[in-house]
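Input: a single structure, listed below in structure tokens.
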Amino acid sequence: MSDLKRGLSEAVAAAFAAAGLPAELGRVTPSDRPDLADFQCNGALAAAKSARRDPREIAAGVTAALAGDPRLAMVEIAGLGFINIRVSDTALSERAREIAADPRLGASFVEGPRRILVDYGGPNVAKPMHVGHLRSSIIGEAVKRIYRFRGDVVVGDAHFGDWGYQMGLLIGAVMDEDPFVRALMDRLNARTTPVTPDEEKQAFAALDDRISLADLDRLYPQAAARGKEDAEYRDRARKLTAELQNKTVGYHLLWRHFSRVTRVALERDFHALGIDFDLWKGESDVDELIAPMVAELEAKGLLEDDQGARIVRVAKPGETKKKKLPDGSVVVVPSPDPLLVVSSEGSAMYGTTDLATVLDRKRSFDPSHVLYVVDQRQADHFEIVFRAAYLAGYAREGSLEHIGFGTMNGTDGKPFKTREGGVLKLNDLIEMTRTKARERLREADLGAELDPDSFEDTAHKVAVAALKFADLQNFRGTSYVFDLDRFSSFEGKTGPYLLYQAVRVKSLLRRAAEEKIAAGPITVTQPAERDLVLLMDAFDQALVDAYDKKAPNFIAEHAFKLAQAFSKFYAACPILPAQAEVRASRLSLAQTTLRQLEQALDLLGIAAPERM
Ligand code: ARG
């Protein structure tokens with residue numbers, strides 16, 4: 001099955017070919033002037049240029065060849081030689097029936113499905129999530145769903161940040177604060193025999209009582225700040241990190257406790273937002289791969305010594321940048337920077353675990369592509385890791401791609417912070433948005449007759465839609481301002497508006513069911529019906545664009561336009577009061593619109609409530 005644009009393109013291409021012109025010029029696109037036409041073809045202008053002929057004359061030849069095509073209600077030459085096309089009601093009706101009968105609502109599959117790994121979310125142990133993680137989670141989840149819907153085999157991985165310097169900082173901070181933990185560490189670290197499962201259980205139980213996620217949330221920022229100022233403190237944290245990575249018994253046990261409490265809370269928050277990872281792997285999971293990887297990089301001659309650290313140079317000859325030294329002088333250095341594989345303390349770094357993860361994924365899943373949905377500010381990091389991976393032969397050149405995005409800003413134009421200036425906790429954000437959603441519902445006099453549980457469910461869905469749609473309606477590269485008042489409004493280009501339209505259709509369909517009115521074959525006659533079908537027909541193109549550009553905003557835009565078109569249709573074309581056949585057709589249109597709208601929303605990770 002193909003959309004109208006593709007079907008028409010074939011016909012127009014054939015007309016070009018018949019006139020001895022290049023067939024690819026017969027490409028048809030939706031009209032820039034919907035008041036004049038449904039579709040247009042600009043090929044005659046290009047053809048005229050190369051053939052040195054009059055474009056209107058070429059267009060006339062093409063339109064003549066198209067005359068008699070039953071799908072077309074009108075073919076016209078406009079302006080300098082544009083071909084304007086209006087589709088017949090019959091063709092539109094047929095296409096509408098096709099979409100209605102299609103479980104995929106007119107969406108095509110990708111040719112030659114691939115194996116895709118989406119690396120997104122990227123939360124860290126104990127470090128509160130910031131807006132970058134929120135955007136990564138929202139965009140990554142949508143990209144994952146879009147790719148999967150197109151037919152690829154897709155796996156989403158959270159890539160939990162659990163093996164870096166912040167772990168050493170936390171281990172130090174917890175020991176400083178709690179003498180019991182310090183004593184436990186001393187005792188365990190001094191062991192010469194392995195810890196028994198029973199002892200381990202006891203230790204975890206004691207830690208559960210003493211160190212909660214709230215403690216980690218409180219301690220980490222303090223420790224991080226001190227690490228920035230106090231070189232000795234920083235060095236100790238680095239040593240502790242190296243000792244953890246060497247599996248020092250006590251630290252390793254303490255670290256497992258940190259990671260467990262963080263993960264439980266994070267999974268709960270992600271789940272509330274409709275973000276579910278297929279894999280919850282962490283940086284630490286590739287630990288075993290690091291030593292052999294370093295040996296292999298060494299053997300391949302890729303490792304170099306750099307003041308006690310081990311690096312891989314990734315810049316090609318001639319690739320340089322200017323760098324300012326602390327004394328103010330400027331030097332020219334290779335660019336990108338080298339990949340730091342082993343620090344001078346002997347630790348694995350952020351890039352080390354990323355490189356080993358490329359290898360791990362190749363072995364476990366063998367993806368044809370890996371998409372890293374991470375803040376644009378990490379672009380350099382990924383450039384370096386990808387180059388190193390290609391050099392080492394761990395991935396096919398071009399198969400690793402950084403899907404960057406801009407920031408969500410506060411009204412000050414800087415990355416969003418809480419009123420107190422801290423990082424925003426996901427849980428707090430959800431709570432804040434839910435409160436707002438309840439307010440909005442009451443204000444709009446919605447959900448008044450729902451029981452308390454259903455009202456909560458609706459408020460939650462409105463909140464999630466508000467947050468996600470506000471993010472996904474922008475091209476991911478664009479930064480935007482967090483404005484909860486605007487995001488949560490039931491009017492304008494918002495998630496709640498879309499849910500409201502979906503719920504309206506649902507209640508219409510419920511009423512029809514109550515009155516035992518059945519849907520029937522679609523017959524399109526009215527302008528508002530035509531517009532609605534033309535939009536439904538455009539779903540596949542929106543999906544293809546979103547897929548190719550890794551940009552869910554194309555789906556968001558489609559969903560919004562579809563909801564608008566439905567709203568106009570609903571106002572212009574009475575449904576239940578209409579004569580039986582018309583009523584059945586319009587009911588079918590409404591039903592199909594709802595299905596496509598919910599499908600589009602689902603691709604964005606948004607669910608509509610039954611009532612509001
Ligand atoms: N944990 C990282 C951070 O908070 C993000 C991880 C992104 N993914 C990756 N493979 N590096 O910045």
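For ligands, and for the atoms within them, numbers begin at 1 and follow the listed sequence.
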Pairs under 3.5 angstrom only: tabulate donor-acceptor contacts from the side chains of residues 551-559 to other protein residues two or more places apart or in another chain.
| residue | atom | partner | partner atom | Å |
| --- | --- | --- | --- | --- |
| E557 | OE1 | K493 | NZ | 2.7 |
| H558 | NE2 | Q596 | OE1 | 3.0 |

Solution key, residues 267-275 side-chain donor-acceptor pairs under 3.5 Å, sequence neighbours excluded:
| residue | atom | partner | partner atom | Å |
| --- | --- | --- | --- | --- |
| E267 | OE1 | R263 | NE | 2.9 |
| H271 | ND1 | D276 | OD1 | 2.8 |

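Using cut-offs of 30° and 60° on the angle between ring planes, the pair Y480 and F487 is tilted.
The local environment of CD in E111 is sparse, with at most 12 non-hydrogen atoms from other residues, nucleotides or ligands closer than 6.0 Å.
By the 4.0 Å N-to-carboxylate-O rule, E383 lies close enough to R387 to be salt-bridged with it.
Pocket lining of ligand 1, defined as residues with a non-hydrogen atom under 4.0 Å away: D119, G122, N124, H133, H159, Y350, D354, Y372, V374, Q378, F382.
Applying the salt bridge (Lys or Arg N to Asp or Glu O under 4.0 Å) rule to pairs touching residues 159-169 yields nothing, sequence neighbours excluded.
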